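Read through the structure below, which is laid out as C-alpha coordinates, and then see the notes.
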Amino acid sequence: MTPFTMRVIEIIRSIPEGAVMTYGQIAELAGSRRGARQVVRILHSSSRKYGLPWHRVVNSKGEIALQDEEGRRMQAMYLRDEGVPVDDRGRVDLPARQYIPGPD
DNA sequence: AAATTGACGGGTG
DNA sequence: CCACCCGCCAATT
(Lines give C-alpha, C1' and ligand atoms only; values in the text may rest on other atoms or scores of the structure.)
Protein backbone atom coordinates (compact mmCIF):
# COMPACT_ATOMS: atom_id res chain seq x y z
CA MET A 1 0.00 0.00 0.00
CA THR A 2 1.36 3.41 -0.96
CA PRO A 3 1.96 6.14 1.62
CA PHE A 4 -0.66 8.19 -0.14
CA THR A 5 -3.25 5.48 0.33
CA MET A 6 -2.34 5.16 3.98
CA ARG A 7 -2.72 8.85 4.56
CA VAL A 8 -6.08 8.88 2.79
CA ILE A 9 -7.32 6.09 5.01
CA GLU A 10 -6.13 7.86 8.15
CA ILE A 11 -7.78 11.09 7.10
CA ILE A 12 -11.10 9.43 6.39
CA ARG A 13 -10.86 7.71 9.76
CA SER A 14 -10.43 11.09 11.40
CA ILE A 15 -13.67 12.61 10.11
CA PRO A 16 -15.87 13.17 13.17
CA GLU A 17 -19.41 11.98 13.40
CA GLY A 18 -21.77 14.61 12.05
CA ALA A 19 -19.20 16.09 9.69
CA VAL A 20 -18.11 15.49 6.10
CA MET A 21 -15.05 16.01 3.93
CA THR A 22 -14.76 16.24 0.14
CA TYR A 23 -12.79 13.96 -2.17
CA GLY A 24 -10.55 16.78 -3.31
CA GLN A 25 -9.92 17.99 0.21
CA ILE A 26 -8.87 14.54 1.34
CA ALA A 27 -6.58 14.11 -1.66
CA GLU A 28 -4.95 17.46 -1.03
CA LEU A 29 -4.39 16.81 2.68
CA ALA A 30 -2.91 13.45 1.74
CA GLY A 31 -0.45 15.19 -0.53
CA SER A 32 -1.92 14.99 -4.01
CA ARG A 33 -3.77 18.09 -4.98
CA ARG A 34 -5.34 16.45 -8.01
CA GLY A 35 -5.86 13.05 -6.54
CA ALA A 36 -9.59 13.20 -5.94
CA ARG A 37 -10.13 10.25 -8.23
CA GLN A 38 -7.64 8.20 -6.31
CA VAL A 39 -9.65 8.85 -3.18
CA VAL A 40 -12.65 7.43 -5.03
CA ARG A 41 -10.63 4.37 -5.95
CA ILE A 42 -9.43 3.87 -2.41
CA LEU A 43 -12.97 4.09 -1.08
CA HIS A 44 -14.00 1.40 -3.53
CA SER A 45 -11.21 -0.92 -2.59
CA SER A 46 -10.82 -0.23 1.11
CA SER A 47 -13.95 1.19 2.69
CA ARG A 48 -15.35 -2.17 3.60
CA LYS A 49 -12.05 -3.83 4.37
CA TYR A 50 -10.97 -1.13 6.82
CA GLY A 51 -14.40 -0.16 8.09
CA LEU A 52 -14.08 3.44 6.93
CA PRO A 53 -16.85 5.99 7.45
CA TRP A 54 -17.26 6.29 3.68
CA HIS A 55 -20.62 7.99 4.05
CA ARG A 56 -18.87 11.12 5.36
CA VAL A 57 -17.28 11.81 1.98
CA VAL A 58 -19.13 13.99 -0.52
CA ASN A 59 -18.15 15.92 -3.63
CA SER A 60 -17.10 19.56 -3.74
CA LYS A 61 -20.71 20.68 -4.14
CA GLY A 62 -21.71 18.89 -0.99
CA GLU A 63 -23.58 16.19 -2.90
CA ILE A 64 -23.66 12.48 -2.41
CA ALA A 65 -21.61 11.30 -5.35
CA LEU A 66 -22.55 7.64 -5.48
CA GLN A 67 -24.25 6.61 -8.72
CA ASP A 68 -26.04 3.56 -7.44
CA GLU A 69 -29.50 4.41 -6.11
CA GLU A 70 -29.31 1.89 -3.32
CA GLY A 71 -25.96 3.27 -2.21
CA ARG A 72 -27.23 6.85 -2.29
CA ARG A 73 -30.08 5.95 0.01
CA MET A 74 -27.71 4.21 2.40
CA GLN A 75 -25.39 7.19 2.54
CA ALA A 76 -28.23 9.65 3.11
CA MET A 77 -29.59 7.41 5.84
CA TYR A 78 -26.24 7.10 7.64
CA LEU A 79 -25.72 10.84 7.49
CA ARG A 80 -29.18 11.68 8.81
CA ASP A 81 -28.69 9.10 11.53
CA GLU A 82 -25.73 11.05 12.82
CA GLY A 83 -27.47 14.38 12.56
CA VAL A 84 -26.50 15.66 9.13
CA PRO A 85 -29.49 16.96 7.17
CA VAL A 86 -29.59 15.69 3.58
CA ASP A 87 -32.04 17.27 1.18
CA ASP A 88 -34.14 15.45 -1.40
CA ARG A 89 -31.41 15.91 -4.01
CA GLY A 90 -28.80 14.29 -1.79
CA ARG A 91 -27.06 17.45 -0.70
CA VAL A 92 -25.68 18.51 2.66
CA ASP A 93 -24.84 22.02 3.86
CA LEU A 94 -21.14 21.85 3.10
CA PRO A 95 -20.01 25.14 4.65
CA ALA A 96 -21.78 24.19 7.86
CA ARG A 97 -20.68 20.56 7.95
CA GLN A 98 -17.28 20.33 6.34
CA TYR A 99 -14.59 19.11 8.70
CA ILE A 100 -11.39 21.14 8.49
CA PRO A 101 -8.63 19.50 10.54
CA GLY A 102 -6.48 21.77 12.64
CA PRO A 103 -2.75 22.28 11.91
CA ASP A 104 -1.69 19.51 14.34
C1' DA B 1 1.43 -0.49 -24.73
C1' DA B 2 -2.81 2.35 -25.70
C1' DA B 3 -7.43 3.22 -24.59
C1' DT B 4 -10.98 3.45 -21.24
C1' DT B 5 -12.92 4.51 -16.89
C1' DG B 6 -14.58 6.79 -12.80
C1' DA B 7 -18.43 7.90 -5.70
C1' DC B 8 -13.73 14.37 -8.93
C1' DG B 9 -12.91 19.51 -9.57
C1' DG B 10 -12.36 24.11 -11.49
C1' DG B 11 -13.36 27.27 -15.04
C1' DT B 12 -16.48 29.27 -18.36
C1' DG B 13 -20.76 30.80 -20.52
C1' DC C 1 -28.57 27.14 -11.03
C1' DC C 2 -27.27 24.24 -15.32
C1' DA C 3 -24.47 22.40 -19.03
C1' DC C 4 -20.08 21.73 -20.94
C1' DC C 5 -15.29 20.98 -21.40
C1' DC C 6 -10.91 19.60 -19.96
C1' DG C 7 -7.24 18.21 -16.70
C1' DC C 8 -6.19 14.61 -13.52
C1' DC C 9 -4.22 9.71 -12.49
C1' DA C 10 -4.04 4.88 -11.32
C1' DA C 11 -6.40 0.48 -12.07
C1' DT C 12 -8.53 -2.21 -15.72
C1' DT C 13 -9.32 -3.54 -20.23
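Note: hydrogens, waters and symmetry copies are ignored here, and every other heavy atom, side chains too, is used. Worth saying up front: this structure is predicted, and the values here are computed from it rather than measured. Per chain, numbering begins at 1; letters A, B, ... match sequence-line order.
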* Spacing between Ile42(A) atom CD1 and dG6(B) atom C1', to the nearest angstrom -> 14 Å
* Side-chain (Arg7(A)) to main-chain (Leu29(A)) donor-acceptor, under 3.5 angstrom -> no
* Structure fact -> Testing dA10(C), dC8(B), dC1(C) for proximity to the side chain of Ala65(A), the answer is dC8(B)
* Asked: Atom CG of Asn59(A) to atom C1' of dC8(C): distance rounded to whole Å?
  -> 16 Å
* To do: Look at the side chain of Arg72(A) and the backbone N and O of Leu66(A), then say whether any donor-acceptor pair between them is shorter than 3.5 Å.
  => yes
* Among the candidates dC9(C), dG9(B), dA7(B), find the nucleotide nearest to the side-chain atoms of Gln38(A). => dC9(C)
* Structure fact -> Residue set satisfying ring pair (Phe, Tyr, Trp, His ring centres under 6.0 Å) with Tyr78(A), at least two apart, ordered chain then number -> Trp54(A), His55(A)
* Pull out every residue in residues 8-32 of chain A that has a heavy atom closer than 4.0 Å to any atom of DNA chain B, ordered by number, or say none. => Thr22(A), Tyr23(A), Gly24(A)
* Kindly say whether Gly18(A) contributes a backbone atom to a donor-acceptor pair with the side chain of Glu82(A) at under 3.5 angstrom? => yes
* For dC2(C), does OP1 or OP2 lie under 4.0 Å from any side-chain N or O of Arg89(A)? -> yes
* Asked: Taking atom P of dC9(C) as reference, at what distance in whole Å does atom CZ of Phe4(A) sit?
  -> 10 Å
* Minimum-distance nucleotide to Arg91(A) side chain [options: dC1(C), dG10(B), dG6(B)] -> dC1(C)
* **For atom CG of Asp68(A) and atom P of dG6(B), their distance in whole Å** => 13 Å
* With distance as the sole test, does Gln75(A) use its side chain to make a donor-acceptor pair with the main-chain N or O of Val57(A) at under 3.5 Å? -> yes
* Round to the nearest Å and state the distance from Lys61(A) atom NZ to dG11(B) atom P. => 14 Å
* Arg97(A)/Asp93(A) ion pair, N-O < 4.0 Å -> no
* Asked: What is the distance from CZ of Arg41(A) to P of dC8(C), rounded to the nearest Å?
  -> 16 Å
* Write down the distance between CD (Gln67(A)) and C1' (dA7(B)), rounded to a whole number of angstrom. => 7 Å
* Asked: With a 3.5 Å cut-off and just heavy-atom distances, do the side chain of Arg34(A) and the base of dC8(C) make a donor-acceptor pair?
  -> no
* To do: Measure from CG on Leu94(A) to C1' on dG9(B) and round the result to the nearest Å.
  => 13 Å
* Of the non-hydrogen atoms in Gln25(A) and Ile100(A), which two are nearest, and what is the gap between them? -> NE2-CA, 4.1 Å
